[in-house]
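Please read all numbers here as calculations on a predicted model, not as lab measurements.
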Amino acid sequence: MVSSLSEWFWNERLWFPEGLGWADLEDKDGRVYAKARDLWVVLPIALAFLVIRQIFERLVATPLAAVMGVKEKVRLTVSHNPTLESFYCNTTKNPSQSSIDSLCKQTGCSERQVQRWFRRRRNQDRPSLQKKFKEASWRFTFYLLAFIAGLAALIDKPWLYDFKEMWQGFPILTLLPSQYWYYMIELGFYVSLVFSVASDVKRKDFKEQMVHHMATIFLISFSWCVNYIRAGTLIMLLHDSSDYLLESAKIFIYAGWRNTSNYVFFLFAAVFIFTRLYIFPFYIIYSTYIYPMTMYSPFFGYYFLNFLMMVLQCLHIFWAILILRMAVRFLSSDEKVEDERSDKEETDESGEEEEGVEKKGAVLNGHTAHNNHRKTE
């Protein structure tokens, strides 16, 4: 069954125009072509990225955070209260009003004391500012270097200036060493992001980010296997052209450099909208959807490629809306630009009520606590 499924999956009628197939991509006469088995090298590259990231964050990002003045906010820790902790871990981090009333009866705390305990407990679980800074620094470094390397690899290629050239001679397109390493490094980086998702900062668009990572991995892998190399390199270069600007804006936000972060953010917004909402749909997708049909009859690989492109475009529109919302809010209120996808710290007044939770928590743990404080409502 497995062999039958593999035979069906690699059927050249699915992935190539009529009259062409895998035999046309066999290495010969000194000409080398992309092959699916080459993708195994991505796994050690991804693992190497994870190691390099740890070294970078410790030896580069952490000292850089100190130099740029990244300061952590003082977070008030909650007292140990087994009833509230159990509810927080096993039920929900955001209790409803009825749940709060029930917890008040179980713990003997006031409503405001329980609400404050949950606010502070949620703040404890939020990633620190330094963690966000180190993650943004790592991604900025990679995206910037990837953009420079991609530009160097494509600067003398005709398909960078004339998108019709992507399909000249397809699929018999010779693989260049620069294309090989550009593909493997980009793919290895995105795979490493999937590996590190459990420890990375989780934002409101976590699901969309995962869809983006998986669509990117599938698109890069698929374009490699069926030799859409030229289209793939253009797509990667286009995405890298704005990603490093976003990460640099985050760096300045975390460092408290308000004016710099605002300027970089608006530069990022302009580049993002131009590349993702203009160049990508009206030039890249147009060239992958229209030009192949002038040379070949439709085939499954053609439809699958354009399906993945449309998934990416839908994500581009989603993020463009978030970017425009942030820009409009800033222009209308002159506030600093903030990452709308990130959870914000919840603030409260320090004082007697947390002390009340602490003492009641001690009683519930079986310890004697003298109730000599005044409970406030």
Side-chain angles (χ1 to χ4, degrees), residues 49-78 93 119-148 189-190 192-193 195-206 208-209 213 240-272 319 322-323 325-327 329-331 333-350:
F49 268 127
L50 295 176
V51 174
I52 294 171
R53 175 178 176 175
Q54 294 300 315
I55 297 173
F56 174 89
E57 290 186 353
R58 178 171 297 185
L59 300 183
V60 178
T62 300
L64 181 61
V67 170
M68 295 186 69
V70 177
K71 297 179 180 179
E72 291 289 352
K73 294 181 180 179
V74 177
R75 291 179 176 176
L76 299 174
T77 58
V78 299
K93 298 179 181 180
R119 282 197 297 269
R120 293 182 179 179
R121 184 65 179 83
R122 287 192 294 267
N123 280 340
Q124 285 182 207
D125 280 352
R126 289 189 172 90
S128 66
L129 201 60
Q130 189 171 80
K131 178 178 175 63
K132 293 179 180 180
F133 181 90
K134 292 190 292 186
E135 181 180 307
S137 299
W138 164 247
R139 296 192 183 196
F140 164 77
T141 302
F142 174 82
Y143 289 136
L144 178 61
L145 293 178
F147 175 67
I148 294 172
F189 178 76
Y190 279 105
S192 74
L193 292 183
F195 287 164
S196 63
V197 69
S199 60
D200 283 347
V201 176
K202 290 183 174 59
R203 294 183 169 85
K204 294 177 183 178
D205 65 342
F206 171 76
E208 290 81 4
Q209 283 282 4
H213 293 340
D240 290 337
S241 66
S242 61
D243 285 343
Y244 72 91
L245 291 171
L246 172 62
E247 300 303 328
S248 62
K250 290 182 190 177
I251 288 173
F252 292 123
I253 289 173
Y254 302 147
W257 296 22
R258 174 177 174 176
N259 290 334
T260 305
S261 67
N262 292 343
Y263 295 141
V264 175
F265 171 78
F266 282 109
L267 177 60
F268 156 73
V271 174
F272 183 96
W319 282 314
L322 293 182
I323 291 167
R325 284 172 57 183
M326 286 188 283
R329 188 172 65 239
F330 168 76
L331 292 174
S333 62
D334 194 31
E335 298 176 354
K336 67 177 181 179
V337 173
E338 292 183 345
D339 191 349
E340 192 170 277
R341 304 168 304 155
S342 297
D343 289 332
K344 294 179 176 59
E345 293 273 343
E346 298 177 86
T347 59
D348 57 19
E349 310 85 23
S350 61

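- Scanning both residues, K134 and A61, for their nearest heavy atoms gives CG-CB, 3.7 Å.
- Counting only heavy atoms from C-beta outward, the side chains of F195 and F49 never approach each other to under 4.5 Å.
- Nearest heavy-atom pair, S261 versus A249, reported as atom, atom and distance to 0.1 Å: CB-O, 3.8 Å.
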Do Y263 and F252 pass the ring pair (Phe, Tyr, Trp, His ring centres under 6.0 Å) test, and can you show the C-alpha distance, the side-chain angles, and the key distance before you say yes or no?
CA-CA 10 Å; Y263 295 141; F252 292 123; over 10 Å; no
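- Here I52 pairs with W138 under the side chain to side chain contact (heavy atoms under 4.5 Å, CB included) rule; sequence neighbours left out.
- Contact check on K131 versus E135 returns no salt bridge, with no Lys/Arg side-chain nitrogen under 4.0 Å from an Asp/Glu carboxylate oxygen.
- Counting heavy atoms from C-beta on, the side chains of L246 and R139 never come closer than 4.5 Å.
- Atom CE of M326 and atom CZ of F265 lie 4.0 Å apart (nearest 0.5 Å).
- Judged purely by atom type and a 3.5 angstrom limit, S242 has no side-chain atom pairing as donor or acceptor with the backbone of F268.
- A search for side chain to side chain contact (heavy atoms under 4.5 Å, CB included) contacts involving L267 returns L245, V271, not counting sequence neighbours.
- R53 is not listed as a side-chain neighbour of L50, based on a closest heavy-atom distance of 4.5 Å or more.
- Closest of all the heavy-atom pairs between F140 and Y244 is CD1-O, 3.2 Å.
- Inter-residue side-chain proximity for L64 and F133 is flagged as met; some heavy-atom pair is nearer than 4.5 Å.
- Taking OG1 of T260 as the start and CD1 of I251 as the end, the distance is 12.0 Å to the nearest 0.5 Å.
- Going from atom CG of L144 over to atom OG of S241 covers 11.5 Å, rounded to the nearest 0.5 Å.
- For the atom pair CH2 of W257 and CG of N262, the computed distance is 14.0 Å after rounding to the nearest 0.5 Å.
- Considering every non-hydrogen atom in both Q130 and T62, the closest pair reads NE2-CG2, 4.3 Å.
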